[in-house]
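Reckoned from all heavy atoms, side chains included, excluding hydrogens, waters and symmetry mates.
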Amino acid sequence: MSVIDRIVAAVTPPESEEDRARAREKARAAAMAGDWLDQILQHHQQIEMAFSEAEAAMDASSRTRAQRKLAALLTAHSSAEEAVIYPQLSHGHKTHMAMAYEEQQAAKVQLALLEALDPLSEDWSEKLEHIRGAVAHHVYEEENDRFLHLKEEIPPADQERMTARYREEMARYDSGL
């Protein structure tokens, strides 16, 4: 973690696990089985498991495999959100939209930097933890606020279209996951 990252983390501590659990509960309550939000919540859980798998891997090849799986899942998920969900935030939530795009681009850069590190090094472990923290905060923002606005404000026909389009976008990546 860079010096700037450490300063930012000290000044703005992350939300607690309880806060994250409450946000997830709110999002689950707003989601309907199979809809775009339900699909996203399932992907968020898969991403969390992929972080755990990468962290738990004991040798270089296992860590590299886990890191690649994590990167593929994050890329597929972020691409689907960016193509289908985030444009909907442009209607009255442009700041949320801009932050969401920026956060996901930063995560992609950090994943590329992770790939260049020795998977058995402390730097790799620190970078993975840094990415995990950033992604966890991003997920919290989506589940606690950003996506709940969309569930409340977007008409049912548009919600159905978003569900179909999100599923379509994720299907582009299914073979690689």
Side-chain angles (χ1 to χ4, degrees), residues 1-29 31 33-34 36-82 85 99-147 166-167 169-177:
M1 187 182 299
S2 74
V3 172
I4 293 173
D5 291 333
R6 291 172 204 233
I7 291 169
V8 170
V11 174
T12 57
E15 56 285 334
S16 69
E17 287 300 317
E18 294 82 23
D19 292 336
R20 289 182 186 142
R22 277 193 295 278
R24 173 86 35 99
E25 191 175 307
K26 284 188 341 187
R28 284 242 172 268
W36 63 270
L37 183 55
D38 183 54
Q39 293 175 63
I40 287 172
L41 293 172
Q42 289 176 36
H43 293 141
H44 286 173
Q45 289 181 296
Q46 291 172 1
I47 290 164
E48 290 162 1
M49 288 187 299
F51 271 111
S52 295
E53 289 170 12
E55 181 182 47
M58 300 303 287
D59 58 72
S61 64
S62 297
R63 279 191 172 182
T64 299
R65 236 182 348 271
Q67 177 266 318
R68 287 183 179 151
K69 176 183 172 186
L70 171 64
L73 182 57
L74 276 170
T75 299
H77 175 76
S78 66
S79 293
E81 284 184 340
E82 290 166 7
I85 308 303
M99 288 296 297
Y101 279 113
E102 186 176 317
E103 291 163 356
Q104 291 198 156
Q105 294 312 309
K108 290 172 190 170
V109 168
Q110 293 301 313
L111 283 168
L113 295 172
L114 178 68
E115 190 173 329
L117 297 174
D118 174 358
L120 296 178
S121 70
E122 187 174 321
D123 288 343
W124 188 92
S125 296
E126 286 180 5
K127 177 68 73 181
L128 180 70
E129 193 54 38
H130 172 75
I131 298 166
R132 176 187 271 185
V135 169
H137 177 71
H138 175 83
V139 164
Y140 170 78
E141 291 290 330
E142 289 179 343
E143 293 178 359
N144 190 56
D145 185 40
R146 291 176 187 162
F147 292 168
Y166 185 85
R167 185 173 289 114
E169 287 298 319
M170 283 304 296
R172 296 174 195 267
Y173 295 94
D174 276 345
S175 64
L177 302 176

- prompt: side chain to side chain contact (heavy atoms under 4.5 Å, CB included) between R63 and M58: does it pass, once the steps are laid out?
  reply: CA-CA 7 Å; R63 279 191 172 182; M58 300 303 287; over 6 Å; no
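One distance of note links CG of D19 with CZ of R24; it measures 13.5 Å at 0.5 Å rounding. The distance from atom NZ of K127 to atom CG of L113, rounded to the nearest 0.5 Å, is 5.0 Å. Distance CH2/W36 to CZ/R167: 13.5 Å, rounded to 0.5 Å. Between the CD1 atom in I85 and the CD atom in Q39 there is a gap of 8.5 Å [rounded to 0.5 Å]. Separation of atoms OG (S62) and CD (E53) is listed at 11.0 Å; rounding is to 0.5 Å. Atoms NE2 and CG, from H130 and D123 in turn, are 13.0 Å apart once rounded to the nearest 0.5 Å.
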Review item, side-chain donor-acceptor pairs of residues 134-141, under 3.5 Å, at least two apart:
residue	atom	partner	partner atom	Å
H137	ND1	E15	OE1	2.7
H137	ND1	E15	OE2	3.4
H137	NE2	E141	OE2	3.4
H138	ND1	E103	OE1	2.5
H138	NE2	Y86	OH	3.0
H138	NE2	Q104	OE1	3.1
H138	NE2	E142	OE2	2.8
Y140	OH	N144	ND2	3.4

Show me the side-chain donor-acceptor pairs of residues 70-80 shorter than 3.5 Å, one per line, residues at least two apart or across chains.
residue	atom	partner	partner atom	Å
T75	OG1	A71	O	2.8
H77	ND1	Y166	OH	2.9
H77	NE2	H44	NE2	3.3
H77	NE2	E81	OE2	2.9
S78	OG	L74	O	3.0
S78	OG	T75	O	3.2
S78	OG	K108	NZ	3.4
S79	OG	T75	O	2.9
S79	OG	Y173	OH	3.3

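Between S52 and R132, some side-chain heavy-atom pair lies under the 4.5 Å cut-off. Using a 4.5 Å heavy-atom cutoff, the side chains of E169 and R172 are in contact. Using a 4.5 Å heavy-atom threshold, the side chains of D118 and W124 count as separate. By the 4.5 Å heavy-atom criterion applied to side chains, E17 and R20 are counted as neighbours.
Note on E143 versus K26: no salt bridge recorded, every NZ/NE/NH1/NH2 to OD/OE distance being 4.0 Å or above. Using a 4.0 Å cut-off between charged side-chain N and carboxylate O, R22 and E25 make no salt bridge.
Between the side chains of E115 and Q110, no donor N or O sits under 3.5 Å from an acceptor N or O. A donor atom on one side chain and an acceptor atom on the other are found under 3.5 Å apart for S61 and D59.
Under a cut-off of 6.0 angstrom, the local environment of CD in E102 is sparse, with at most 12 non-hydrogen atoms contributed by other residues, nucleotides or ligands.
For the residue pair L114 and Q67, the shortest heavy atom distance occurs at CD2-CG, 3.5 Å. Across A31 and L41, no two heavy atoms sit closer than the pair CB-CD1, 4.1 Å.
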